[in-house]
Amino acid sequence: MIYRPVRNIPVSQITPREMYLNRRSLMAGAGAALAAGMLPAPAFARLETKATAYGADLEPTAKEYVTGYNNFYEFGVGKEDPAANAGSLTTSPWSVEIGGLVAKPATLALEDIVPKVQEDRIYRLRCVEGWSMVIPWVGFQLSDLLAKVEPLGSAKYVAFETLVRPDEMSGQRGFFQPLDWPYVEGLRLDEAMHPLTILATGIYGEELPNQNGAPLRLVVPWKYGFKSIKSIVKITLTEKQPPMTWNIVLPNEYGFYSNVNPQVDHPRWSQASERVIGGGLLTERKPTLMFNGYEEEVADLYAGMDLKKFF
Ligand SMILES: Nc1nc2c(c(=O)[nH]1)N[C@H]1C(S)=C(S)[C@@H](COP(=O)(O)O)O[C@H]1N2
Ligand SMILES: [Mo]
């Protein structure tokens with residue numbers, strides 16, 4: 001995970017909250033950005049959503065940063081690579097194989113997974129590299145999907161896998177491979193069932209751009225961003241703690257829990273503060289909050305645990 005500064009995004013391109021909430025001004029903003037040659041052209045379908053109180057007090061990061069500064073190694077290791085390369089991914093049709101320790105294993109088409117009306121939820125995203133954004137997701141609780149397949153009493157964890165498709169994922173081609181594919185992640189079952197844990201299909205009220213993990217990605221807002229696995233094709237309920245990509249690569253640096261914690265530093269850098277993406281000055285930093293600001297909601301999950309040991 002290499003730190004690279006945001007480039008080529010003038011302050012004039014920043015999309016304030018009111019602009020994405022108002023379709024007409026959004027289109028005007030996109031039009032101006034297009035004219036300036038700043039944005040890719042695809043028109044994203046509007047999703048049917050209902051408002052929620054999640055993140056009502058948060059100011060979303062400008063869309064250009066959320067869709068232009070990404071980590072998605074399947075499309076390259078640079079922050080601008082996913083936006084440049086992910087357009088080639090076929091996201092429809094899409095299905096997810098759900099199995100393991102469940103009563104009703106199934107391969108479900110995306111249409112049968114996603115509720116007709118989803119929720120708007122604004123969450124903080126804190127990357128382990130030390131930067132953060134605020135993202136207005138469209139999604140639904142992972143617990144709703146898991147309920148459909150009926151987890152067995154023996155299920156203790158949930159494992160996730162991203163698509164492997166070298167012909168469409170440029171970062172999976174070539175001699176140099178930064179990671180082993182598929183990208184894999186996992187949660188404890190109680191973390192997966194927590195109401196804050198969602199599967200997202202959109203941002204800013206519209207379908208996910210491919211670089212953000214279309215058509216279906218996990219969002220676990222109290223954990224470092226790499227837990228929020230993109231473009232999911234497989235979900236498996238397990239008894240044992242499943243492997244996770246960054247722990248396989250660097251086990252001393254990235255643990256299974258990876259809860260955002262300003263008191264537990266990364267071996268190579270402090271996690272006490274974060275660089276706010278789109279905060280105006282590239283250097284703007286703010287203190288990092290325990291569990292990324294979701295302490296009240298999730299602290300109970302870790303009662304009595306040594307969070308330095310279980311990092
Ligand atoms: N499959 C997959 N999922 C992934 C990644 C990845 O490289 N591959 N990167 C992770 C990291 S490090 C972060 S910070 C978030 C970034 O999500 P965003 O680009 O939508 O902001 O996605 C996570 N999910
Ligand atoms: Mo990240």
Side-chain angles (χ1 to χ4, degrees), residues 15-23 26 43-63 65-67 70 91-92 94-96 98 108-126 132-149 151 158 160 185 187-225 227-232 235 260 289 291-298 300-301:
T15 311
R17 182 190 181 87
E18 307 78 60
M19 281 185 78
Y20 87 82
L21 290 174
N22 177 317
R23 180 150 177 79
L26 170 71
F44 291 102
R46 221 49 219 168
L47 297 168
E48 207 178 316
T49 66
K50 56 180 180 238
T52 70
Y54 292 97
D57 56 328
L58 298 173
E59 188 65 30
T61 301
K63 192 179 187 180
Y65 293 98
V66 176
T67 61
N70 302 97
T91 57
S92 178
W94 192 274
S95 59
V96 182
I98 313 179
L108 299 174
L110 191 67
E111 311 77 78
D112 299 326
I113 292 174
V114 181
K116 192 168 148 24
V117 181
Q118 298 182 77
E119 294 182 13
D120 289 309
R121 295 195 184 197
I122 304 174
Y123 283 166
R124 298 183 195 84
L125 177 93
R126 170 63 155 80
S132 68
M133 299 186 186
V134 173
I135 305 181
W137 301 106
V138 174
F140 56 96
Q141 288 182 197
L142 173 61
S143 60
D144 294 342
L145 176 60
L146 294 179
K148 283 190 193 169
V149 295
V158 186
F160 303 86
E185 257 304 339
L187 295 172
R188 232 170 45 188
L189 184 59
D190 58 346
E191 298 174 324
M193 297 299 286
H194 192 279
L196 283 175
T197 303
I198 59 169
L199 288 169
T201 70
I203 51 175
Y204 300 93
E206 300 180 337
E207 276 176 359
L208 277 176
N210 289 355
Q211 61 265 36
N212 292 93
L216 188 74
R217 60 92 53 88
L218 185 68
V219 183
V220 193
W222 71 94
K223 292 177 178 285
Y224 290 117
K227 299 291 294 183
S228 292
I229 182 173
K230 297 178 169 180
S231 305
I232 296 166
I235 300 177
V260 175
L289 301 172
F291 294 117
N292 203 25
Y294 301 96
E295 183 168 15
E296 207 177 299
E297 293 94 325
V298 303
D300 279 359
L301 293 172

Audit row: I198, F140, side chain to side chain contact (heavy atoms under 4.5 Å, CB included) steps and yes/no: CA-CA 5 Å; I198 59 169; F140 56 96; over 6 Å; no
Should K148 and L146 be marked as a side chain to side chain contact (heavy atoms under 4.5 Å, CB included) after you check the CA-CA gap, both sets of side-chain angles, and the distance that decides it? CA-CA 5 Å; K148 283 190 193 169; L146 294 179; over 6 Å; no
Report the C-alpha distance between E191 and K223 in whole Å, list the side-chain angles of each, state the deciding distance to 0.1 Å, and finish with yes or no for salt bridge (charged side-chain N to carboxylate O under 4.0 Å, His left out). CA-CA 10 Å; E191 298 174 324; K223 292 177 178 285; 2.8 Å; yes
Looking at CE of M193 and CG of D144, how far apart are the two atoms once the value is rounded to the nearest 0.5 Å? 8.5 Å
Is there a donor-acceptor pair under 3.5 Å between the side chain of R124 and the backbone N or O of Y294? no
Within-4.5 Å side-chain heavy-atom neighbours: L289 and F291: no
When you measure from the side chain of K230 to the backbone N and O of Q211, does any donor-acceptor pair fall under 3.5 Å? yes
Backbone of A214 reached by a side-chain donor or acceptor of T91 within 3.5 Å: no
On a heavy-atom basis, the closest approach of L110 and P215 is CD2-CB, 3.6 Å
Expected output: side-chain Y204 to main-chain K63 donor-acceptor under 3.5 Å: yes
Nearest 0.5 Å please: distance from the CD1 atom of I122 over to the CD1 atom of I135. 11.5 Å
Nearest heavy-atom neighbours spanning Y123 and L196: OH-O, 2.7 Å
I would like to know whether R217 and L199 meet side chain to side chain contact (heavy atoms under 4.5 Å, CB included); could you show each step before the answer? CA-CA 5 Å; R217 60 92 53 88; L199 288 169; over 6 Å; no
OG1 on T61 to CG on L125, rounded to 0.5 Å: 9.0 Å
Between T197 and Q141: side-chain donor-acceptor atoms closer than 3.5 Å: no
Any sub-3.5 Å donor-acceptor pair from H194's side-chain atoms to E297's backbone N or O? yes
Got L187 and L218 here, is their nearest side-chain heavy-atom distance under 4.5 Å? yes
Between OG on residue S95 and CG on residue L108, distance to nearest 0.5 Å: 8.5 Å
Does V66 offer a backbone N or O that forms a donor-acceptor pair with the side chain of N70 under 3.5 Å? yes
Lys/Arg-Asp/Glu bridge criterion (N-O < 4.0 Å) met for K116, E111: no
Measure across V117 and E48 and return the closest heavy-atom pair with its distance rounded to 0.1 Å. CG2-OE2, 3.3 Å
T67 and P209: which non-hydrogen atoms are nearest, and at how many Å? CG2-CG, 3.8 Å
Gap separating the CD atom of E119 from the NZ atom of K50, nearest 0.5 angstrom: 5.5 Å
Closest heavy-atom pair, E185 versus I229, reported as atoms and distance to 0.1 Å, is N-CD1, 3.9 Å
Going through the checks in order, is the side chain to side chain contact (heavy atoms under 4.5 Å, CB included) test met by I113 and T201? CA-CA 11 Å; I113 292 174; T201 70; over 6 Å; no
Tightest non-hydrogen contact, residues A192 and V158, listed as CB-CG2, 3.7 Å
How many angstroms lie between atom CZ of F44 and atom CD of E206, to the nearest 0.5 angstrom? 7.5 Å
State whether the side chain of T49 and the backbone N or O of D120 hold a donor-acceptor pair below 3.5 Å, judged by distance alone. no
